[in-house]
Structure formats: structure tokens, C-alpha cells
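Naming: A, B, ... by sequence-line order, numbering from 1 per chain.
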Amino acid sequence: MRHYSGSLNGQPWDGYVVERPDDLEPFRAWVRRQAESRTPVAVDTETCGLKIYAWGPGFLRMAQFGNETDAFALPIERGSVYTEAAAWALRILPDITGHNWAGFDALVSDEHLGVSIEETCAKATDTQILAKLIDPRQKMEGGTGSGLKDLSAVYIDPAAPDTQDGLKAVFKSLKLKIAEGFAKIPLDHPIYQEYGLLDVILTSRLRPRLERTLEKLGVPKRLSVYEHRVARICAQMVRVGMVLDEDYTVNLQADLAYDADRFAELAAGHGVTSVNSPRQVTEALLGMGEDFILPGRSAPERTDSGALKADKAVLQFMADLDRDWKPIRSRKPNPLADAVLRSKRAGKWRSAYADNFLSNVDAGGRIHANVQSMQARTFRMSVTNPAVQTLPSGDKMIRRALLADEGHVMISTDFQAVEMRVLAALADVKRMKVAIAAGEDLHSFTARLVFGDNFTDKDRKVAKGIGFSKVFGGGAATTARQTGAPIEAVQRAMAKYDQVYPEVGRAAKDWRIEAFNNRMVAVSITGHRLPLDRDRTYAVTNYLVQSTARDCLGQSLVTMDDAGLVPFLRLPIHDEVLASAPKSDAQDVAREIQRCMTFNLRGVPIEAEAEIGLRSWGSLYGADY
DNA sequence: CGGCTCACG
DNA sequence: ACGTACGTGAGCCGG
């Protein structure tokens with residue numbers, strides 16, 4: 001047994017690394033004592049990386065257990081006797097703490113220790129969830145951050161070592177890249193061991209401090225219970241994953257690579273050797289006489305830093321294409337703009353989607369995209385590796401690669417205009433509530449109020465744009481740019497909107513004042529704390545609406561859990577839930593999901609509509625498979 | 001690693 | 001005093 005010790009904030013700690021099977025005896029005795037006294041024990045795992053499912057056996061290297069003063073580390077990769085001891089401890093301990101437990105370690109334990117997500121999550125407290133309930137912002141945004149290091153510095157000891165950064169420095173000294181360091185650093189490296197032990201000591205000490213802070217801030221306990229449950233449901237979705245059509249994806253990858261190369265060669269003929277270099281592209285286009293002025297605008301388009309802008313909108317205009325890539329015959333198409341556009345799209349779709357799918361597939365042909373259930377500052381979820389919340393929706397090509405299970409079909413269930421309804425509910429917008437209750441199309445209803453009974457399709461578009469704009473906190477200029485309508489008309493329409501829905505502006509003002517009186521933190525109706533940036537307090541409307549809409553999804557997931565529907569769920573996508581169900585049960589499952597996503601929010605009906613597709617996700621976007 | 005671009009809701 | 005479009009993940013370039 002190797003011994004480490006140290007001190008944090010004047011409080012000593014001791015850590016022990018199990019080296020031989022005999023060393024497991026003191027570990028077991030310690031675990032029994034913790035279990036008997038029902039002392040919370042922090043658990044952490046060290047792995048070869050983040051690909052829990054695609055890596056294969058040997059992924060889990062070390063497992064650590066610790067309370068506020070004592071910790072043990074087990075060398076899982078040294079043999080099954082250690083795996084079994086870790087699994088036993090995880091099962092017998094009545095109260096565990098993890099940092100990002102449901103987001104990572106619960107999945108690792110489930111897959112590599114054989115202790116299920118359901119079993120551990122039922123008794124786990126996640127310090128990352130607690131921390132986000134105090135402040136959801138990342139460090140970049142002015143928050144505490146949700147990493148163990150940042151939280152420890154604030155809540156435990158400013159001098160607590162940065163174990164992540166420390167490890168990266170070790171990797172560097174061993175001439176290992178960061179990505180391979182976690183897999184290749186020798187298990188008996190003293191810093192690897194010491195930091196592994198420290199992580200559970202820190203997590204243990206963090207928990208009571210975070211719990212006290214939450215209590216002091218008046219954050220309801222039920223909110224924490226709810227978030228732990230949502231996190232567990234998301235973990236269950238990650239575990240089941242989705243089937244990847246590998247043959248299709250390999251072909252897709254080749255086709256996209258071919259297209260990217262072909263159009264890159266065309267661009268090279270105009271002197272652009274790298275289509276992803278905005279500098280090269282703008283220079284070449286300038287040389288061809290392009291002025292970068294879009295129709296209806298007087299000045300060239302520029303980026304924030306003042307350079308000429310050659311983004312998709314600009315290039316599509318130059319290539320004489322509309323937003324759907326159809327020729328508009330308004331000018332002579334610029335062949336370079338066209339080639340750059342197509343090469344970039346094919347290249348991005350190949351690398352961000354096709355490559356990513358194939359590098360994340362497990363031995364059983366499934367991908368398990370990671371869901372962080374409260375990632376955004378509004379608590380919206382995010383999905384990574386691969387980012388399947390952001391697959392192209394205008395073209396079925398990419399979504400076609402993801403399949404329902406064998407014998408299943410895909411079901412997609414969307415909330416209907418959920419953010420508009422949430423706004424109506426939160427701001428108590430009388431006329432909107434009447435329209436929603438009557439089942440009217442909200443944007444047409446608004447268009448009628450703003451433009452009169454004879455409103456046109458164009459007017460409806462403007463009304464829709466203003467609706468979004470109000471939810472985002474936007475002004476006339478951006479709304480005009482988005483809708484393509486002249487700014488004067490948009491200004492008039494926005495003034496009229498404020499007249500017909502006076503509650504929206506009034507509520508926004510009240511929310512800003514409330515937040516101001518609460519140290520710049522808005523509190524949603526579920527109790528989520530939403531910190532505002534001092535210079536962007538107008539964002540309060542968006543934060544409250546976006547966060548409450550997110551809780552509509554969260555509440556629906558909990559209801560679906562009660563209804564036993566979680567095994568069918570595959571992916572949350574903000575206002576949509578993707579599911580896979582046996583063909584013969586699809587109607588029933590779809591109806592049940594729809595029911596769970598239908599409820600009343602402060603007198604406003606929140607409603608959802610399910611769509612049943614074929615086997616591939618792409619089939620819901622008009623494909624034939 | 002910041003800037004830019006682009007994919008989604 | 002005034003007005004401000006919101007939230008993500010990912011890849012590439014160039015310093």
C-alpha cells in the first residue's frame with residue numbers, strides 16, 4: 001500500500017493506493033465503517049479518455065473512494081480482483097458523492113464495473129449539479145466554473161492544486177499528448193495517484209459546503225432532487241445510444257470527401273489554396289471585383305474585427321443562390337464563391353458528422369453521444385461526441401446515418417411553439433393566452449393584431465420575426481435583417497406589437513428590477529438561478545423563457561420516467577424528444593410520449609405533436625428509409 | 001488560443 | 001440616456 005498525505009485549508013488528509021490483493025483488506029474495512037456510519041463517500045474514476053463505449057476493455061484504469069480526510073485508490077487495470085472490490089464498495093455504500101456523476105462516472109461504473117446507473121444514481125449526490133444550481137455560468141462567462149479545481153479554490157482552499165492542469169503538465173514532461181496522456185501515463189506515477197486521491201477528498205469536502213450555500217440562497221431542495229433525476233434519465237439515454245448505419249456512413253464519408261476535394265480544386269484555380277481561410281477567400285473575391293455589399297445594404301459586410309466578411313450569406317449571394325441553394329438569377333454567379341461554399345460544406349459535414357460518428361461507434365455498432373443535462377447558463381442540455389443536437393435539418397443526408405433499433409421506428413415529438421407559450425405564461429400576456437387556448441396559430445394571430453385582418457404571408461413572417469425577437473431581446477435592426485423587411489416597417493410593427501401585448505415589455509422591466517435587487521440573479525419559477533451580465537440585462541427575458549422552456553422538457557422527461565417510457569428515449573433536443581420503438585408499438589408509444597409532453601403552465605397549455613418515421617432519423621425529414 | 005464560420009433549437 | 005437578438009459544439013486558420 002502506498003501512502004500519500006497532505007493538507008488543505010489546514011485540514012490534513014491521508015490517501016492509500018492499493019498495490020497488492022492483500023492491500024484490499026484495509027480498504028474493505030474502511031468501506032464497511034463508512035457504510036455503517038452512513039458517511040457520504042466520494043467516488044471518482046480515472047479512465048483512458050472520454051469514449052466510455054467506443055474504447056473497449058481496459059478503459060477504466062483506477063477507481064478512488066474517499067471521505068473528507070481519507071481516500072483509497074484501486075488499480076482497476078491490474079486485475080479483476082480490484083474491479084470486483086470497487087464494484088462491491090459501490091454497491092454497499094449507502095451514500096455516495098460524485099462530481100459530474102450522472103454525466104460520466106455513473107456511465108463508467110455501469111459499463112466497466114457492472115454497477116448500474118439506476119443503482120448508483122439512486123444514492124448519489126452530484127457536486128457539479130449542486131454547483132450549477134448556485135451559479136450555472138462557466139468561468140469564461142464570469143461564473144465560478146463547474147470544474148473541481150475552480151470550485152475547490154472558492155469553497156475549500158484557494159491553494160488547492162489544479163489536478164487537471166497538473167496532470168497535463170506531467171503528460172507534457174512524459175512527451176505525451178493530452179489526448180493520449182490519460183491512457184498512457186503509468187498507473188504508479190506519483191502525481192497521477194496523488195491527484196486521483198485528492199479529487200475524492202476535494203469532492204467530499206465540497207458537498208457540505210455547496211449544500212449549505214444552496215440552503216442559504218433559498219434554493220428549493222426539490223429542485224436539486226429534480227435535477228438529479230433529469231441527469232439520471234439523460235444518463236440512461238446515453239447508455240442505450242443509437243444505432244449507426246456504418247455502411248451508409250462510410251460511403252457518405254467518401255462521397256463528402258470527394259466533393260470537398262473536387263470543389264477545393266476549383267477554388268485553387270482561382271488562387272484559393274485553403275477554402276477555410278477567410279483571408280484567402282476575401283482577397284481572391286476582391287480581386288474578382290466583388291464589393292461584399294448585399295442587396296438592400298449600403299456598406300460591405302464585415303466581421304466584428306472589421307475584416308470583410310465571406311460567410312455563407314455573402315457567398316450565397318455572390319453565387320446567385322438562395323438560402324435553399326437554388327439559383328435566383330439576380331446576378332452572374334461567381335464560380336469561386338460557389339466552389340468555396342460547396343467545398344466548405346462537404347468538408348465540414350464530413351469531419352464534424354461522418355468522421356465523428358465513425359470515431360464514436362462502439363463494438364455493437366451504436367453511438368452514445370454524451371448528454372450534459374444542465375450545461376448552458378439557462379440549464380439547457382448539450383450533447384457532444386458527436387453533437388447530434390446540431391445535425392443539418394434541411395438535408396436528410398446526415399440524419400439518415402442514425403437508425404432506430406432493429407425492428408424499431410423513429411418517433412420525434414416536438415413541443416408546439418414552446419418558447420412563445422412560455423412567454424405568454426410567464427408574462428401573463430392576456431391576448432396571447434386567449435389565442436393559444438383557442439388553438440390559433442400564434443404568428444398569424446399576432447399578424448392580424450399588428451397588420452389587420454388582411455395581413456399577408458410577408459406580414460406573418462414579420463410577426464413571427466418580432467415574436468422571436470422579443471424572446472431574444474432583439475431590436476428593430478436585427479429583426480429587419482432577419483426577416484428581410486425594411487427597418488421602418490419593422491419599427492412600426494414592433495411599436496404596434498408593444499401596444500397589443502403590453503404585458504411583455506412590462507414584465508421584462510419588472511424582471512430586470514427583480515434581478516437587480518437580487519444581486520443580478522433572476523430566479524425562474526422552478527427556482528433556477530439565472531445570473532445576468534451587468535451590460536446585457538435585457539437578456540433576462542430570454543434567460544427566463546429559455547430556462548423555463550428547458551424545464552418543460554425536464555418535467556416531461558420526469559413524467560415519461562414515471563410512465564416507464566425512458567427505455568424508448570434516445571435524445572433530448574431542446575423542444576423535441578427522439579425515441580425508438582418497436583414498429584408494432586409505435587402508435588402507443590408516440591401517444592404516450594405526447595401525453596407526457598402535454599400539460600398546463602400557469603393557465604397556458606403546453607402541447608406536443610409526435611411524428612412516426614421509418615427506421616432512420618432521416619426518414620422524418622422526407623427520406624425513404 | 002482567439003477569431004471566424006457554421007450546424008442546431 | 002439609450003439600445004443591445006439568446007443558448008450551444010466543432011473545425012480550421014494563423015499567430
Inset, instruction - Check if the side chain of Gln546(A) and the base of dC6(C) share a donor-acceptor pair of N or O atoms closer than 3.5 Å. - result: yes

Legend entry - DNA chain C base-pair string [pairs: Watson-Crick or G-U under 3.5 Å; |: paired with another strand]: .....|||||||||.

Inset, instruction - Determine the contact category for Val383(A): base if any of its heavy atoms lies under 4.0 Å from a base atom, sugar-phosphate if only primed atoms, P, OP1 or OP2 are that close, otherwise nothing. - result: sugar-phosphate

Inset, instruction - Can you check whether any acceptor in the base of dC6(B) is under 3.5 Å from a donor in the side chain of Lys348(A), or vice versa? - result: yes

Inset, instruction - Give me the ring orientation class for Trp617(A) and Tyr621(A): parallel if the planes are under 30° apart, tilted from 30 to 60°, perpendicular past 60°. - result: perpendicular

Inset, instruction - Look at atom CZ of Phe599(A) and say whether more than 12 heavy atoms of other residues, nucleotides or ligands are closer to it than 6.0 Å. - result: yes

Legend entry - Cation over ring face, Arg323(A) and Trp325(A), 6.0 Å, 45°: no

Inset, instruction - Tell me what Ala549(A) touches on the nucleic acid: a base, only sugar-phosphate, or nothing, going by heavy atoms under 4.0 Å. - result: nothing

Legend entry - Residue pair Leu133(A) / Arg529(A): nearest heavy atoms and the distance that separates them: O-CD, 3.2 Å

Inset, instruction - For Ser469(A), answer base if it contacts any base atom (sugar-phosphate contacts may also be present), sugar-phosphate if it contacts only those atoms, and nothing otherwise; contact means non-hydrogen atoms under 4.0 Å. - result: base

Legend entry - Length of the line joining Gln372(A):CD and dG7(C):C1', which is rounded to integer Å: 16 Å

Legend entry - From Arg345(A) atom CZ to Asp259(A) atom CG, the distance as rounded to the nearest 0.5 Å: 9.0 Å

Legend entry - Whole-angstrom distance between dA5(C) and dG9(B), as gauged at atom P: 22 Å

Legend entry - From Glu576(A), Glu611(A), Glu609(A), residue fulfilling side chain to side chain donor-acceptor pair (under 3.5 Å) relative to Ser412(A): Glu576(A)

Inset, instruction - Kindly check if the number of other-residue, nucleotide or ligand heavy atoms within 6.0 Å of CG (Asn517(A)) is above 12? - result: yes

Inset, instruction - Report the nucleotide, chosen from dT5(B), dG9(C), dG9(B), that has the shortest atom-to-atom distance to any side-chain atom of Asp575(A). - result: dG9(B)

Legend entry - Pro386(A) or Thr378(A), whichever maps to the more 5' nucleotide of DNA chain C: Thr378(A)

Legend entry - Protein-nucleotide distance (Lys470(A), atom NZ; dG3(C), atom P), rounded to Å: 12 Å

Legend entry - Sugar-phosphate, base or nothing in reach of Arg481(A), heavy atoms under 4.0 Å: nothing

Inset, instruction - Measure the distance from NE2 on His574(A) to C1' on dC8(B) and round it to the nearest whole Å. - result: 7 Å

Inset, instruction - Using whole Å, report how far OH of Tyr353(A) lies from C1' of dT5(B). - result: 12 Å

Legend entry - More than 12 heavy atoms of other groups within 6.0 Å of Lys149(A) NZ: yes

Legend entry - Polar side-chain contact Arg380(A)-dG9(B) base: donor and acceptor under 3.5 Å: yes

Inset, instruction - Calculate the interatomic distance between Tyr538(A) atom OH and dA1(C) atom C1'; express it in whole Å. - result: 17 Å

Inset, instruction - Considering just the side-chain nitrogens and oxygens of Asn542(A), establish if one lies under 4.0 Å of OP1 or OP2 belonging to dT4(C). - result: no

Legend entry - Basic-acidic side-chain contact under 4.0 Å: Arg421(A), Glu607(A): yes

Inset, instruction - Confirm from the modelled atom types if Gln482(A) and dA5(C) form a donor-acceptor pair under 3.5 Å, side chain to base only. - result: yes

Inset, instruction - Select base, sugar-phosphate, or nothing to describe what Ile398(A) touches, counting heavy atoms under 4.0 Å on all strands. - result: nothing

Legend entry - Close residues, residues 274-286 of chain A, relative to DNA chain C [heavy-atom separation under 4.0 Å]: Ser274(A), Asn276(A), Ser277(A), Arg279(A)

Inset, instruction - Send over the distance from Arg345(A) CZ to dT5(B) P, rounded to a whole Å. - result: 18 Å

Legend entry - Selection: residues 505-535 of chain A, any non-hydrogen atom under 4.0 Å of DNA chain C: Arg512(A), Asp535(A)

Legend entry - d(CZ, Arg536(A); C1', dA5(C)) in whole Å: 10 Å

Legend entry - Interatomic distance where CZ belongs to Arg137(A) and C1' belongs to dG7(C) [whole Å]: 15 Å

Legend entry - Any Lys312(A) side-chain N or O less than 4.0 Å from OP1/OP2 of dT5(B): no

Inset, instruction - Give a yes-or-no answer on whether the side chains of His574(A) and Gln546(A) include a donor-acceptor pair shorter than 3.5 Å. - result: no

Inset, instruction - Would you indicate whether the side-chain heavy atoms of Leu308(A) and Leu286(A) approach each other to under 4.5 Å? - result: yes

Inset, instruction - Looking at every strand, decide which applies to Gly394(A) at a 4.0 Å heavy-atom threshold: base, sugar-phosphate, or nothing. - result: sugar-phosphate

Inset, instruction - With heavy atoms under 4.0 Å as the rule, sort Tyr543(A) into base, sugar-phosphate or nothing. - result: sugar-phosphate

Legend entry - From dG9(C), dC6(B), dA7(B), nucleotide with atom closest to Trp349(A) side chain: dA7(B)

Inset, instruction - Pick base, sugar-phosphate or nothing for Arg377(A), based on heavy-atom distances below 4.0 Å to the nucleic acid. - result: sugar-phosphate

Legend entry - Nearest listed nucleotide, side chain of Asn385(A), among dA10(C), dA7(B), dT5(B): dA10(C)

Legend entry - Side chain proximity check, Val250(A) to Leu358(A), heavy atoms < 4.5 angstrom: yes

Legend entry - Side-chain donor-acceptor pair present, Asp150(A), Thr144(A), cut-off under 3.5 Å: no

Legend entry - Residues, nucleotides or ligands: over 12 heavy atoms within 6.0 Å of Tyr226(A) OH: yes

